[in-house]
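Here the structure is laid out as structure tokens; the discussion comes afterwards.
Atoms considered below: every heavy atom in the structure, side chains included; atoms not considered: hydrogens, waters and symmetry mates. Both counts, for ligands and for their atoms, begin at 1 and track the order of listing.
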Amino acid sequence: MTYPEITENETAKAYEKAAQLVIHNVKEFTEVFPDSSSVNQFYKPSENVEWTTGFWTGEIWLAYEQTKDEQLRKAAEIEVDSFLDRIIKKIDVNHHDMGFLYSLSCVAAYKLTGSEKGKKAAVMAADNLMERFQEKGQFFQAWGQLGAKDNYRLIIDCLLNMPLLFWASEATGNPVYKEKAEAHIKTAMKYVIRPDHSTYHTYFFDPETGEPVKGVTHQGYRDGSAWARGQAWGIYGSALSYRRLRDPEYLDIFCKLTDYFLEHLPSDLVPYWDFDFDDGSTEPRDSSASAIAVCGMLEMAKYLPEEKAQYYSSMAKRLLLALVNRCAVQSPEESNGLLLHGTYAKSSPYNTCPNLGVDECNTWGDYFYFEALTRATKDWNPYW
Ligand code: GLY
């Protein structure tokens with residue numbers, strides 16, 4: 001790959017720009033949240049619903065860490081109140097995405113400020129997630145009615161929900177959260193990774209026996225393709241799993257998943273939404289997949305042997321420069337997000353998704369882009 005690594009100076013400028021944009025956008029989004037994805041590059045306001053609101057609070061915490069601006073802290077604390085209220089009232093928490101929601105908002109609040117409200121909300125969210133563990137099959141059921149045959153599946157994205165459970169074991173002294181997280185990770189790794197190291201988005205099990213049934217896509221182009229964001233969830237998920245469990249198998253899995261991702265990038269290094277598409281395609285990109293993968297590479301570089309650490313850090317810095325040059329929002333007039341050219345969901349003849357947030361900002365793309373810049377700037381203590 002000929003794309004150069006991002007320099008310290010370029011990183012510093014992009015990091016500063018991201019914080020300025022968050023400081024601007026917090027005026028619009030404190031009592032309300034940005035919707036999951038933008039429309040014509042601008043987010044509409046949303047209540048604290050969906051799986052995506054924690055990313056915005058996470059951005060505020062990242063900007064607070066960087067600037068120590070007390071207005072940011074106050075805004076994030078208002079949102080932590082909203083997350084506590086949400087879990088107490090069980091508003092739209094009937095799914096597995098408690099980690100995305102509560103790690104970046106409430107665990108972050110606890111880690112950065114010692115917030116007891118944050119701790120309480122995050123432990124309640126972990127308890128809520130624990131209810132979704134299926135003994136038959138040993139996994140957390142992603143969506144839908146618990147035990148229902150047509151929803152008896154895990155999805156690769158859930159690897160990012162597991163850090164909440166590792167944290168909950170630490171915070172409460174109860175090892176059961178960690179035990180279930182480890183069981184889920186083992187199951188997911190065993191079934192979602194194909195022999196060529198691409199990944200299934202979702203994997204079904206038999207609710208009667210727990211036996212594996214089949215891998216299918218939800219948001220990818222087709223069942224057998226590699227959905228770019230799913231592959232990225234696998235990359236960062238394996239890095240975060242290694243961080244907690246130190247199982248050498250996850251180092252190996254990380255390298256295989258990341259190599260597949262890197263080998264299937266187009267020449268400008270911003271992935272298409274599915275790796276069925278390559279240079280010359282008119283399909284949209286998913287910049288968020290790249291931002292997630294960069295975070296995974298920078299996390300895993302802490303643990304890999306020197307030569308491999310150097311390789312994946314270098315690749316992460318190339319991908320990050322491509323994001324900064326091709327996708328970064330430059331001014332509040334352009335967008336109220338941080339990262340352009342994401343794709344939430346794209347319909348295909350082989351999936352059941354409607355088009356949603358196609359070639360738009362999405363809140364996780366913004367968050368992981370900012371986290372990637374933070375990681376590239378300093379030795380960062382993850383909220384995960
Ligand atoms: N976790 C859902 C998604 O990546 O769209």
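Figure legend: cation-pi geometry between R244 and F166 absent, as NZ or CZ is not positioned both under 6.0 Å from the six-membered ring centre and within 45° of its axis.
Side-chain N/O atoms of E307 and Y311 include no donor and acceptor closer than 3.5 Å.
At under 3.5 Å, a nitrogen or oxygen of Q219, whether backbone or side chain, sits near a nitrogen or oxygen of ligand 1. An N or O contact shorter than 3.5 Å is missing between W364 and ligand 1 by distance. Below 3.5 Å of separation, one finds an N or O of D157 facing an N or O of ligand 1.
Among protein heavy atoms, atom 5 (O) of ligand 1 sits closest to R229 NH2, 2.5 Å.
In this structure, the side chains of T53 and R86 come closer than 4.5 Å at one or more pairs of heavy atoms.
At least one donor-acceptor pair closer than 3.5 Å links the side chain of Q141 to the backbone N or O of N151.
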